[in-house]
**Q** 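To start, I am sharing the structure in question, which I have written as structure tokens.
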Amino acid sequence: MGRFETTVEFYCYREPYPPVFFDVVAKRLALGPDTRLLDVGCGPGNLAIGFAPFVGNCTAIDPERLEER
């Protein structure tokens, strides 16, 4: 069993980040087409997906193994 395998079910019920969150953070960090974003430990990738439109390259990786069930 992976370290976070028992918490996976909770991600389905987590409230999504509002779009204004990504707008505000992207502006404050001056994200743009030359920005490369790396989301390490991304889980389901909610942050990477939300910030992807604001950057030139977005990579998300999670250390948990994916297993077919």
Side-chain angles (χ1 to χ4, degrees):
M1 179 180 296
R3 187 168 146 195
F4 297 104
E5 188 171 342
T6 59
T7 63
V8 169
E9 65 186 73
F10 299 111
Y11 283 101
C12 298
Y13 305 104
R14 185 177 184 171
E15 288 291 322
Y17 294 97
V20 69
F21 167 79
F22 297 103
D23 290 332
V24 169
V25 173
K27 286 178 185 164
R28 288 189 183 177
L29 296 178
L31 301 181
D34 294 332
T35 304
R36 291 170 37 170
L37 177 73
L38 175 61
D39 184 357
V40 178
C42 66
N46 296 342
L47 290 173
I49 291 167
F51 283 118
F54 297 96
V55 299
N57 182 281
C58 181
T59 302
I61 186 168
D62 196 271
E64 286 292 315
R65 293 184 320 163
L66 293 177
E67 296 180 12
E68 290 187 34
R69 295 176 188 245

**Q** Can you hop from L29 to V55 via hydrophobic side chains spaced under 4.5 Å?
**A**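 They do share one cluster, since a chain of ILVMFWY contacts under 4.5 Å joins L29 to V55.
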**Q** Of the non-hydrogen atoms in A60 and A48, which two are nearest, and what is the gap between them?
**A**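 A60 and A48 have their closest heavy atoms at CB-CB, 3.7 Å.
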**Q** Please state whether the rings of F22 and Y17 are parallel, tilted or perpendicular, taking 30° and 60° as the class boundaries.
**A**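 Perpendicular, since the angle between the ring planes exceeds 60°.
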**Q** Give a yes or no on this: more than 12 heavy atoms of other residues, nucleotides or ligands lie within 6.0 Å of atom CD1 of I61.
**A**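 Check fails, neighbour count at 12 or below.
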**Q** When you group the ILVMFWY residues by side-chain heavy-atom contacts below 4.5 Å and let the links chain together, are F21 and F54 in the same group?
**A**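 They do share one cluster, since a chain of ILVMFWY contacts under 4.5 Å joins F54 to F21.
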**Q** Quick one: CZ on F51 to CG on D39, what's the gap to the nearest 0.5 Å?
**A**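 Atom-to-atom, F51:CZ and D39:CG are 9.0 Å apart.
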**Q** May I ask whether L37 and I49 are part of the same hydrophobic cluster, defined by side-chain heavy atoms of I, L, V, M, F, W, Y residues being less than 4.5 angstrom apart, directly or through others?
**A**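 No; I49 is not reachable from L37 via cluster members.
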